[in-house]
Engineer: 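Take this structure, written in structure tokens, and hold onto it; I'll ask about it next.
Order of appearance sets the numbers: ligands from 1, and atoms from 1 within every ligand.
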Amino acid sequence: MSRRILFLNHVGILGGAEYCLIDMAVAFRENCQVLLFSDGPLRERLEAQGVIVNILPAPDSLLGIRTSSGMSSLKSIPALIQLSRQIATIAQDFDVIHTNSQKAFVIAALSKLWGSPPVLWHLRDIMTSRHFSPINRKVAISLANRFISKVLIVSQGAADQFIALGGKPSLVRVIYDGIPPDPFIKVTPEQITAVRTELGIGDAPLLGAFSRLSPWKGQHILVEALYQLPEEVHALIVGDALFGESDYVKTFKAAIADPKIAHRVHWLGFRTDVPVLMSACDIVVHTSTEPEPCARVGVEGQLAEKPVIAANAGGMPEIVEDYKTGRLYAPGDVGALATALQEMLSDTEALSLMAKQGKAHALSRFSLANCIGDIESVIEEVVTA
Ligand code: UDP
């Protein structure tokens, strides 16, 4: 496809949305540029793979606004207008703007006022009241309905929420993210043994949680469940705070320092070798206490051929089918998580069947080729409309 795409993302850190952006931009690298509103490791990753990246620094008054902020968001209006005018100018060289984050979406939507090409919003959040203040939900839905050509949404659960809030159904395209399986397939038994040796756990059952540290990502749920599981069960916790959640990190560190369980919890901080670490686990555990749109970690666990246990909300049931590819439990329910984990660990045959079925599911539903093909056809549709 030769359509020129301008990808916009407001942060330069590496979260799930940014890993998805890397895969898309690499697929379209002959005809795209990525514009970030702040610098970070994302730029290096993209450039290393031949993607052109530019940084247009946004003022802190804009970057500091959260989707959960209320009327204080209004303070960012002058900066928003200025940036959206700049985007409109830059976008003259492109056929379409793809917005990969909330702030990028708002800025690009407004840039339509100054003649930008069609704008796509890749909605990677569930617009619940926990994450979006009432005013920001209203503003986002109005901007989408007025200025956005198509809203690409990462799960049916997130799409239902967008429509329930008043988003036009005709704008919606559910497109599951594509996650390349190669890094998981390439993991060797020697790498797995090395991880287990480093952790000093031999063949002990290992439960793994792989997310940035944040209260609603809920790593504490797994730590609490550990008290109810046999002494030989260990937990591997991978990830660090990405958005300055220092209070949570403090509480989390205190919780895992309890001498009753300290020897069973292995917190490694942020790592870049998730495929190897996941492969060393027996079960991948998703612990979010709030609905998630479609957490990559669930799919990655399946690609690593592990059964996944996930909090049953948002788009997670579109990844995990209860008893077929893993287990689902009520978000935040420590007792239910511990019981389900206990059941899973007691039936290794069922575990391995779930793992195989999960891998097949991830390979078909979360195929990168399908995801890119779907995005291409949406782009063609909006550019020729
Ligand atoms: N991840 C990582 N290193 C870590 C923890 C997580 O590379 O230490 C990756 C993880 O493998 C996944 C992404 O970060 O690809 C998180 O994406 P997800 O959609 O699960 O959550 P998000 O952070 O986007 O809410």
Engineer: When you measure from atom 8 (O) of ligand 1 to every protein heavy atom, which one gives the shortest distance, and what is it?
Structural biologist: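 Result for atom 8 (O) of ligand 1: Arg271 N, 2.9 Å.
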Engineer: Going by atom types only, do Asn31 and Arg3 share a side-chain donor-acceptor pair under 3.5 Å?
Structural biologist: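 On atom types as modelled, these side chains do not qualify, holding no pair under 3.5 Å.
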Engineer: Give the atom numbers and elements of ligand 1 that come within less than 4.0 Å of a heavy atom of Ala295.
Structural biologist: 19 (O), 20 (O)
Engineer: With heavy atoms under 4.0 Å as the rule, classify the contact between Arg124 and ligand 1 as side chain, backbone, both or neither.
Structural biologist: neither
Engineer: Both conditions, 6.0 Å and 45 degrees, for the charged tip of Arg365 above the ring of Tyr176: are they met here?
Structural biologist: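 Here Arg365 passes the 6.0 Å and 45° test against Tyr176.
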Engineer: Heavy-atom contacts with Glu300 under 4.0 Å: which atoms of ligand 1 show up? List them by number with element.
Structural biologist: 10 (C), 11 (O), 12 (C), 15 (O)
Engineer: Would you check if Pro117 and Val96 make a side-chain contact, meaning some heavy-atom pair closer than 4.5 Å?
Structural biologist: no
Engineer: Among protein heavy atoms, which lies nearest atom 17 (O) of ligand 1, and at what distance?
Structural biologist: Gly16 CA, 3.1 Å
Engineer: Could you report the tightest heavy-atom contact between Ile175 and Leu152, atom names first, then the distance?
Structural biologist: CD1-CD2, 4.0 Å
Engineer: Starting from atom 23 (O) of ligand 1, find the nearest protein heavy-atom neighbour and note its residue, name and distance.
Structural biologist: Arg212 NE, 3.1 Å
Engineer: Please check: side-chain N/O of Arg264 versus main-chain N/O of Val233, any donor-acceptor pairing under 3.5 Å?
Structural biologist: yes
Engineer: Can you name the nearest heavy-atom pair linking Phe210 to Cys281, along with the distance?
Structural biologist: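 Minimum heavy-atom separation between Phe210 and Cys281: CZ-SG, 3.9 Å.
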Engineer: Can you find a heavy atom in the side chain of Phe270 that is under 4.5 Å from one in the side chain of Arg212?
Structural biologist: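 When only atoms from C-beta onward are counted, Arg212 and Phe270 do not touch, as no gap falls below 4.5 Å.
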Engineer: Mind checking whether Lys112 and Arg146 have side chains closer than 4.5 Å, heavy atoms only?
Structural biologist: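 No - every pair of side-chain heavy atoms lies 4.5 Å or more apart.
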Engineer: Under 4.0 Å, heavy-atom basis, I'd like to know which part of Val274 is in contact with ligand 1: side chain, backbone, both or neither.
Structural biologist: side chain
Engineer: Heavy-atom contacts under 4.0 Å between Tyr19 and ligand 1: side chain, backbone, both, or neither?
Structural biologist: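 Just the side chain.
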Engineer: Looking at Val238, which atoms of ligand 1 are within less than 4.0 Å of one of its heavy atoms?
Structural biologist: 4 (C), 5 (C), 8 (O)
Engineer: Starting from atom 18 (P) of ligand 1, find the nearest protein heavy-atom neighbour and note its residue, name and distance.
Structural biologist: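 Sorting protein heavy atoms by distance from atom 18 (P) of ligand 1 puts Arg296 N, 3.6 Å first.
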Engineer: Return the residue, atom name and 0.1 Å-rounded distance of the protein heavy atom closest to atom 25 (O) of ligand 1.
Structural biologist: Lys217 NZ, 2.7 Å
